[in-house]
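Below: the structure, in C-alpha cells.
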Amino acid sequence: MLETVLFLIFAAICVGGAINLLAQKHPISSALSLIVVMGSLAMVYLLLGAEFVAAVQIIIYAGAIMVLFVFVIMLLNAGEEERSATGSRVAMVLGVPGLLAAAVTTGWVLTRHGPASTPVVLGEFHGSAHAIGRLLFHEFLLPFEVTSVLILVAIMGAVVLARRGE
Amino acid sequence: MPMNAGTFILVAVVKIVIAVFVLLTACAYTVWLERKVVGHIQNRWGPTRVGPFGLLQPLADGLKFILKEDLTPPYVNRTIYILAPMLALTMALTSIALIPVGPVIHAFGISTPIQITGVVNSATGRGADINIGLLIILGITSLGVYGIALAGWSSNSKYSLLGALRASAQMVSYEIALGLSLVGVLILSGTFSLHAIVEMQQGTWFGFIPKWNIFRGQIFAFFIYLMAAFAETNRVPFDLPEAESELVAGYHTEYSAMKFAMFFVAEYANMITVACLASILFLGGWSGPVFGPAILQALLPVFWFALRIVFFMFVYIWVRGTLPRFRYDQLMGFGWKFLFPLALANILITALVVAWRA
C-alpha cells in the first residue's frame with residue numbers, strides 16, 4: 001500500500017517535471033525541471049531497493065551534470081527560446097494517436113513477454129554498494145574495463161579539442 | 001525493546017526539533033566566535049557591548065535581520081530569486097539529519113541513537129543507520145550549489161552572476177577532490193554507514209593512541225579533505241564567489257534582510273556539517289573517555305563530538321584571520337593539479353596496503 005502511494009507520488013512528479021521541461025520557454029526553467037525529474041527517478045530507484053544507484057543518481061546527474069548544464073546556460077546567458085507560430089501539421093494530426101499506440105504496445109509487450117519478475121518488498125535493499133561492486137569486478141569485469149577505456153578516450157578527445165585553439 | 005510507529009514518529013520529531021535548534025544556535029555562535037577571534041587576531045576586541053563578552057550579539061543580529069526591509073530589486077527573475085535562498089538553506093539543514101552525534105541512549109524507557117536517521121538494531125542493541133549515509137550527504141551537499149548558482153543568475157546583476165559562475169565551477173571541481181579523499185577511509189572501513197564507521201574507530205592501541213582513521217594512514221586524506229572542504233564551503237582562502245574587493249558581495253549582492261540571512265546561515269550550517277563529517281570519518285566521531293554516573297555517561301560522547309566541531313570552527317576562523325585570498329586560476333590549479341592527483345595517490349596506496357594485508 002505505502003509503496004504504491006510513494007511510487008504514484010514520485011512517478012507523478014517525474015512525469016510532471018518531464019512535461020514542464022518541454023513546456024517551459026526559458027532554458028534555466030527547463031534545466032530545473034530536468035533536475036526534478038532526476039531527483040524523483042532517484043526516489044523510484046530507492047523504492048526498488050537500489051540504494052546505491054539512487055544515491056549515485058543524485059550525486060552524478062542532479063549534482064554534477066546538471067550543475068554544468070546550468071553553468072553553461074548562465075555563462076552563455078541564453079535567453080528565451082523563440083518558437084515559430086505554426087507547428088508541424090503531421091505532428092498535430094498523428095501526435096496523440098501515435099503516442100497512445102506506442103504506449104499501449106510497449107505496455108502490452110512488457111506485461112506479456114517481459115522477463116518473469118518477483119515484486120520488490122519495500123524496505124529490502126538488494127542493490128547495495130557491496131553487491132554492485134561484486135558484479136562490476138567479477139561477472140562484468142571486461143565490459144566495465146572497456147567502458148572505462150572508452151571514457152578515457154572521450155576525455156582525451158575533449159582535451160585535444162579544447163587545446164586546438166591555442 | 002522495539003517501538004511502535006507512534007513512539008517512533010514522536011521520538012523522530014523531538015530529535016528533529018532539537019537538531020534544528022542546536023544547529024541554528026551553533027551557527028549564530030560560530031558567527032560570534034568568528035567576530036571575537038578575528039578581532040583578537042587583528043588586535044581588536046570584537047563585539048563587547050551586547051551582554052557579557054558580547055554574548056547576546058547573535059540575538060541582536062537576528063533581530064536586525066528580521067526588522068530590516070526585505071527589498072526585491074526590479075528586473076530579477078522573481079520565482080527563482082525567492083526559491084534560491086530557500087534551496088540553499090534547505091540543503092544545508094537537511095544533511096545534519098544523517099550525522100550520528102552519539103551512541104545509543106536510554107531515557108524514559110526508550111532506546112535510541114543520537115541521530116535523526118538512526119535506529120536501534122533489535123538483535124544487537126547497538127545503533128544502526130542507513131547503509132548509504134555518506135553518499136546521501138555528498139548528494140545533498142552537491143545539490144546545495146543550485147542555491148548559490150540560481151541566486152546569482154536570477155539577481156540579474158553582473159557581480160552576482162560572476163560570483164555564481166565562480167561558485168559553481170569551484171564547487172564542482174573541489175567536490176572531486178573531496179569525494180576522492182574519503183575513498184581511503186571507505187576502503188579501510190568497508191561501509192558507507194556513518195554509525196558503523198565511528199564504531200570501527202573506538203578503542204586505543206597500547207592504551208593511548210586512539211584508533212582513529214587519521215592514525216591509520218589517512219593523515220594525507222584528512223588534509224586533502226580539509227582543504228577541499230574550505231573550498232566547498234566558500235571560506236577564505238577560497239572565498240572567490242564572494243570576494244568583496246572585486247565582486248561587492250558575490251552571489252548574494254542583491255539580497256537583503258532575511259533572504260540574505262538564509263544564505264548566511266546556510267554557509268555556517270555547511271561549515272558545521274563538513275566539520276561533523278571530518279570528525280566522524282577521520283577523528284573517531286564521539287570517541288573519548290566516558291566515566292561517572294549514567295547521565296554523564298550519556299552526555300560525555302556528545303560533548304567530545306561537540307569539542308571536535310568547536311576545534312574545526314576555530315581552525316576555519318584561524319585560517320580566515322591568517323591567509324590571503326587565492327587568485328582564481330591558482331584556485332583551479334590547486335584543486336585539479338595538486339589535490340586531485342594527491343587524492344588518487346592516497347586511494348592507490350591505501351588499496352595496495354589493504355590488499356597486501358588481506
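Chain identifiers are assigned alphabetically (A, B, ...) following the order of the sequence lines, protein sequences preceding nucleic acid strands; residue numbering begins at 1 within each chain.
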Comparing His130(A), Gln57(A), Met66(A), Glu51(A) against chain B, the one with the most heavy-atom pairs below 4.5 Å turns out to be Glu51(A)
Residues Leu165(B) and Met74(A): closest non-hydrogen pair is CD2-CE, 3.7 Å
For chain A, which of Ser154(B), Ala169(B), Ser142(B) has the most heavy-atom pairs under 4.5 Å?
-> Ser142(B)
Quick one: closest heavy-atom pair of Val67(A) and Ser168(B), and the distance?
-> CG1-CB, 4.1 Å
Ile58(A) and Leu135(B): CA distance, side-chain angles, deciding distance, side-chain contact (heavy atoms from CB on, under 4.5 Å) verdict | CA-CA 9 Å; Ile58(A) 294 280; Leu135(B) 288 180; over 6 Å; no
Using non-hydrogen atoms and a 4.5 Å limit, figure out which bit of Ile176(B) sits close to chain A: side chain, backbone, both or neither.
-> neither
Indicate yes or no for a side-chain donor-acceptor contact from Tyr146(B) to the backbone of Val70(A) under 3.5 Å, with no hydrogens or angles considered.
-> no
Within a radius of less than 6.0 Å around OH of Tyr328(B), do more than 12 heavy atoms belonging to other residues, nucleotides or ligands occur?
-> yes
Tell me, with the steps shown, if Leu150(B) and Leu32(A) meet side-chain contact (heavy atoms from CB on, under 4.5 Å).
-> CA-CA 10 Å; Leu150(B) 293 176; Leu32(A) 289 182; 3.6 Å; yes
Note: Leu143(B) and Ala62(A) closest approach over all heavy atoms is CD2-CB, 3.7 Å
More than 12 heavy atoms from other groups under 6.0 Å of CZ on Phe230(B) | yes
4.5 Å side-chain heavy-atom contact, Asn77(B) and Ile28(A) = no
